[in-house]
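Convention: sequence-line order gives letters A, B, ...; per-chain numbering from 1.
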There are 2 protein chains.
Amino acid sequence: MSTAEEMTMSEPGLACCTPLTGTPMSAAQAEQVAPLLKALADPVRLRLVSLIAASAGGEACVCDLNDAFDLTQATISHHLKVLHSAGLLDRDKRGVWVYYAVRPGALAAVANLFDTAVLTPA
Amino acid sequence: MSTAEEMTMSEPGLACCTPLTGTPMSAAQAEQVAPLLKALADPVRLRLVSLIAASAGGEACVCDLNDAFDLTQATISHHLKVLHSAGLLDRDKRGVWVYYAVRPGALAAVANLFDTAVLTPA
DNA sequence: TGCAGACATCGACGAGCGTCGATGTGCTTT
DNA sequence: AAAGCACATCGACGCTCGTCGATGTCTGCA
């Protein structure tokens, strides 16, 4: 899987070289964060997370979420599985119904990434 | 685009209904934010933004970025175009070299989305 | 015991994405 | 004017993704 083994970064004497002032994100760190963002980078999944977070108790059952979209139940179930696999949603089965809840701190971690991490220049 | 006309699946008197306490994200808003996240949801692009932000002056030229990856120059150019088209990067051509800079406030806007928006339950 | 509802899984299809080599464009130097 | 460099663009390839209909699994009720 891991293909890269990069070194050669700087050649002295070139005019276009921009020195690094901060510490950029490592390749391993990027490969770890990207799936989180990829899980959120979909209009339907974004609305799903929003709907769940805006529900009472921070949780919602699938039947409610299903009615909020013009999509098949199979598709909604797929999107919920993606969000759950990414660690963004918690799954709780109660009887016939399944309740999904936003995992505490999951979204805050994403926000923190763009707030205090190496991504923000100033 | 819109394929289905959904049938009303809701029957009154069901136990699984979860009332909304907050205001969830609208479909239009989700369609507007998703491309931003989709542009960031790639390990290479994440590192590109990080490298640019960590560079002196918050900008870096393509030749430097190109050396940081084991990828073709065409691929790096493609990723930079994606980030630029998404409004995350500013492009500035100086002579032969092209400098990319993180658009001010772009990442803060994403962070703000997960901080104060309807996505955070508590 | 059997049936109906809620949700997950499966296989399939079209569309989009990441990557590449090759080529084009524009600037600089000789 | 010609050559060389930096970067963008162009097809093309394989792979992944979003969506669907069909089917499977489990629960609760008659």
Side-chain angles (χ1 to χ4, degrees), chain A residues 1 3-4 11 13-18 27 30-31 34-35 37-48 52 59-86 89 91-100, chain B residues 1-11 13-18 27 30-31 34-35 37-48 59-86 89 91-100:
Chain A
M1 290 303 192
T3 56
E11 247 122 356
L14 280 183
C16 69
C17 293
T18 310
E31 304 254 4
L37 294 175
K38 190 169 286 188
L40 288 169
D42 182 273
V44 175
R45 289 198 287 268
L46 222 43
R47 286 183 62 199
L48 278 173
I52 295 172
E59 64 178 13
C61 95
V62 181
C63 60
D64 290 334
L65 300 172
N66 215 339
D67 291 352
F69 298 87
D70 280 353
L71 295 173
T72 308
Q73 175 262 330
T75 300
I76 298 297
S77 188
H78 162 70
H79 284 306
L80 289 171
K81 181 191 180 74
V82 171
L83 290 169
H84 176 62
S85 300
L89 256 47
R91 208 182 96 102
D92 182 30
K93 179 164 188 175
R94 284 179 227 156
V96 192
W97 298 291
V98 173
Y99 287 77
Y100 282 94
Chain B
M1 304 296 190
S2 57
T3 56
E5 274 289 338
E6 59 150 325
M7 308 297 167
T8 61
M9 285 187 127
S10 57
E11 260 120 357
L14 280 183
C16 69
C17 293
T18 310
E31 305 255 5
L37 294 174
K38 190 169 286 187
L40 289 169
D42 182 272
V44 176
R45 289 197 288 266
L46 220 45
R47 287 182 61 201
L48 278 173
E59 64 177 11
C61 95
V62 181
C63 60
D64 292 335
L65 301 172
N66 214 342
D67 291 352
F69 298 87
D70 279 355
L71 295 172
T72 308
Q73 175 262 330
T75 300
I76 298 297
S77 188
H78 162 70
H79 284 307
L80 289 171
K81 182 190 179 73
V82 170
L83 289 168
H84 176 63
S85 298
L89 256 46
R91 209 181 97 101
D92 182 29
K93 179 163 187 175
R94 282 179 229 157
V96 192
W97 299 291
V98 173
Y99 286 77
Y100 281 93

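One finds the CD atom of A/Q73 at 11.5 Å from the CG atom of A/L65 (value rounded to the nearest 0.5 Å). With values rounded to the nearest 0.5 angstrom, A/L89 atom CG is found 4.0 Å from A/I52 atom CD1.
Judged by distance alone, with hydrogens and angles left aside, the side-chain atoms of B/R45 form a donor-acceptor pair with the main-chain N or O of B/A39 at under 3.5 Å.
In this model, the phosphate group of C/dC7 is not approached by any side-chain N or O of A/R91 to a distance below 4.0 Å at OP1 or OP2. Contact annotation: B/Y100 reaches the phosphate of D/dA8 (side-chain N/O to OP1 or OP2, under 4.0 Å). Of the side-chain N and O atoms in B/T72, one or more sit less than 4.0 angstrom from OP1 or OP2 of C/dC20. For B/R94, no side-chain nitrogen or oxygen approaches OP1 or OP2 of D/dA6 to under 4.0 Å. For D/dC20, the OP1/OP2 oxygens have a side-chain nitrogen or oxygen of A/T75 closer than 4.0 Å. Residue A/H79 places at least one side-chain N or O closer than 4.0 Å to OP1 or OP2 of D/dT19.
To the nearest angstrom, P of D/dG18 lies 12 Å from CG of A/L40. Between the C1' atom of C/dC7 and the OH atom of A/Y99 lies a distance of 13 Å, rounded to the nearest Å. If you take CH2 of A/W97 and P of C/dA8, they are 15 Å apart, rounded to a whole angstrom. As a whole-Å value, the separation of A/D67 CG from C/dC7 C1' is 14 Å. When rounded to the nearest whole Å, the span between CG of A/L89 and C1' of C/dA8 equals 16 Å. Between the CG atom of A/D42 and the P atom of C/dG16 there is a distance of 14 Å, given to the nearest Å. If you measure from atom CZ of A/R45 to atom C1' of D/dT19, you get 12 Å, rounded to the nearest angstrom. To the nearest angstrom, C1' of C/dT19 lies 15 Å from CG of B/L80.
Remark: A/T75 pairs with A/L71, A/T72, A/H79 by the side-chain contact (heavy atoms from CB on, under 4.5 Å) rule, at least two apart or across chains.
For A/K93, whose side chain is taken as the heavy atoms from C-beta onward, the closest listed nucleotide among C/dA22, D/dC26, D/dC17 is D/dC26. Of the candidate nucleotides D/dA8, C/dT9, C/dG5, D/dA8 has the atom lying nearest to any side-chain atom of B/S77. Nearest nucleotide to the B/H78 side chain, out of D/dG18, D/dC7, C/dG18: C/dG18. The listed nucleotides are C/dA6, C/dG21, C/dT9; the one nearest the side chain of A/A74 is C/dT9. Picking from C/dG26, C/dC7, D/dG18 the nucleotide with the shortest atom distance to the side chain of A/C61 gives C/dC7. Between D/dA6, C/dG5, C/dT9, one nucleotide has an atom nearer to the side chain of A/V96 than all others, and that is C/dG5. Distances from the side chain of A/L71 to the nucleotides D/dC5, C/dA22, D/dT19 place D/dT19 closest.
At a threshold of 4.0 angstrom between heavy atoms, the contacts of B/I76 with the nucleic acid are absent. No engagement by B/N66 is indicated, since no non-hydrogen atom pair under 4.0 Å with the nucleic acid exists.
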Quiz prompt | Candidate pair B/L83 and B/Y100, rule side chain to side chain contact (heavy atoms under 4.5 Å, CB included), full reasoning | solution = CA-CA 10 Å; B/L83 289 168; B/Y100 281 93; over 6 Å; no
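For a distance-only test at 3.5 Å, the side chain of B/Q73 fails to qualify as a donor-acceptor partner of the base of D/dA6.
Along DNA chain D, the nucleotide nearest to A/V44 and the one nearest to A/G95 differ in position, and the one closer to the 5' end is contacted by A/V44. Of the two residues contacting DNA chain D, namely A/V82 and B/K81, the nearest-nucleotide position lying further toward the 5' end is that of B/K81.
By the 6.0 Å and 45° rule, B/R91 does not stack over the aromatic ring of B/Y99.
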